[in-house]
Number of protein chains: 2
Amino acid sequence: MRTLKYAILGLIKQSPMTGYDITNEFNKELIHFWNAKHSQIYPELKKLVTEGLITYKTEISGEVLEKKVYSITEKGTKEFQEWLMTDDKIEPTAKDRFRLKMYFSTITDKETLLRLLNSQTRQHFEKLSSLRERFNQYEGVPDFSDSRFGDYIVLEGAVMREENYLEWLQKCLDYL
Amino acid sequence: MRTLKYAILGLIKQSPMTGYDITNEFNKELIHFWNAKHSQIYPELKKLVTEGLITYKTEISGEVLEKKVYSITEKGTKEFQEWLMTDDKIEPTAKDRFRLKMYFSTITDKETLLRLLNSQTRQHFEKLSSLRERFNQYEGVPDFSDSRFGDYIVLEGAVMREENYLEWLQKCLDYL
DNA sequence: TTTACCATGTAAGACGTTACATGATTAT
DNA sequence: ATAATCATGTAACGTCTTACATGGTAAA
C-alpha cells in the first residue's frame, strides 16, 4: 500500500520541507488519522529520492548544521495525484484494544469495568477538549478553494469521532 | 504490547478451540475491533504453549486428520485477567487512509472528491446494514451476567461508529 | 550555561500480510 | 466427482516501534 510514501509526497507538495518538518507535521497536524516516527521517515525519504519522486537541496542553519529541504518532482506529483484520485475499498478493521477488552468484559467484575470505563471517558474527554479548541479557531467552513479546507473537514471528523466514542462509553456505563 | 496473545487467551478461555477456530473467530466475531491471519495465529499458539499459558490435546477428525484443541492453563487465566483489569492509555492514532486523502482534498477537483465520497458512503452504508442485521437479532440488552453482554456492547459500538462515519461523509458532501 | 529545540541517521526487534505448501473431510 | 470447508504449518516481505547514536542552534 505504501501509504507513508503518499503522506510524505502530499506534505512536500504543500510546501518543501525537511525530514524534521515532516516528523512534526505527523505529530501535530496529521496525528488524528496518520503518524510516523522519524526513524521511518528518513529511510523513506531516501527511497523516494532514488525513485525520482522527490529531490533535495542542502541548506545551512547557523554556521555548520546541514539540513535537507525536499521538494516534489513532476513524477512525484503525478503519482501522488493518481493515488489521491483512486477509489479505495474501506479498510476491514480499525483495531481497538479497549473494544477487545469490552468484548471480554463478562470475564471480570463490575467494579473493574466501571474503573476502566471511567478512565477511558476521562481520557477521551480530554482529547475531545483539545480537538474542539483547535476546531473552534475556525470561524465557519473554509471554502473548497482555501487550502485549509482539508484540515477543517478532518478536524471536524476527529471531533465527531471522539464525541461518538464518548457516547458509546456512556452507554456501556448506563448498562452497568 | 502483545495484544494478539491476550485476544487468543480470551477466546480459548471462553471455550477450548483449535487454531482454525480462532482464525474464524477473528474473521467473524472480532472482525470489527481486531483481526489476525492464521499465519500469525499458529506461531503465536506455539509460543503460548512454551510459555505455559495454554496446553493442547490432539484429536482426530474422521480417519486421520489431526487437530490440536487448545485450553487455557491456570497461569494463562491469571495473566489474561491481569491484562483485562489493566487501565490503558488511549491509543494515539487510529490510522485512516481515507481521512488522509481528505486532508489533501484541495489538491484535486470537486468531481473526483464527490466520486470518492459517494463510494465511501455506499461502502459504509453496506457495512452498517450488515452490522444492524446482526445487532437487531438481540431482543434487548443482555444482562451483565449473560456471556453475550460483551458481544452486544461492542456490536452496538460498531453500529454507532459506522453511523458516525456516514454522518461525517454526508457533512463533507454538503460542503461541496 | 543550560534547556528546549533543530536535525539526521542506523539497528534490532515486533507486528502484520501475502504467498507458498500440503492434505483430509463433508456436503452437493 | 467436485467444491467448500476443515486443518496446520513456513517463508518472504513489508511496516512500525524502540533504542542507539550524534551533534548544532537559539532562547532564557
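Here is the naming used below: chain letters follow the sequence lines, and residue numbers restart at 1 for every chain.
Relative to the side chain of Lys46(B), the nucleotides dT10(D), dT8(D), dA24(C) differ in distance, and dT10(D) lies closest. Checked against dT5(D), dT8(C), dC15(C), the side chain of Arg2(B) finds its nearest nucleotide in dC15(C). Closest approach to the Val64(B) side chain among dT17(C), dT25(C), dA7(C) is made by dT25(C) (side chain taken as heavy atoms from C-beta onward). The side chain of Lys95(A) sits closest to dG16(C) out of dT10(C), dG16(C), dG9(D). Considering only side-chain atoms of His38(B), the nucleotide from dA7(D), dT25(D), dT8(D) that sits closest is dT8(D).
In this structure, CD of Glu25(B) is placed 13 Å from P of dA7(D), rounded to the nearest angstrom. Taking atom CD on Gln40(B) and atom C1' on dA12(D), their separation rounds to 15 Å, with Å as the unit. The interatomic distance linking Ile41(A) (CD1) with dT8(C) (P) rounds to 11 Å, in whole Å. Separating the CG atom of Asn24(B) from the C1' atom of dA7(D) is a distance of 11 Å, rounded to the nearest angstrom.
Checking Asp21(A) against Tyr70(A) by side-chain atom types alone, no donor-acceptor pair falls below 3.5 Å. Judged purely by distance below 3.5 Å, without hydrogens or angles, the side chains of Asn164(B) and Tyr165(A) never pair a donor atom with an acceptor atom. With no hydrogens or angles considered, a side-chain donor-acceptor pair links Gln123(A) and Ser119(A) at under 3.5 Å.
In this structure, Phe104(B) has its ring center at least 6.0 angstrom away from the ring center of Tyr6(A).
Comparing Leu65(B) and Ile60(A) against DNA chain D, the residue whose closest nucleotide sits nearer the 5' end is Leu65(B). Annotation: of the two residues near DNA chain D, Glu63(A) and Lys47(A), the 5′-most nearest-nucleotide partner is Lys47(A).
On a pure distance criterion of 3.5 Å, no polar donor-acceptor pair joins the side chain of Thr18(A) and the base of dT8(C).
Listed pair Tyr42(A) / dT8(C) meets the phosphate criterion, a side-chain N or O lying under 4.0 Å from OP1 or OP2. The side chain of Lys37(A) places an N or O atom within less than 4.0 Å of a non-bridging phosphate oxygen (OP1 or OP2) of dT18(D).
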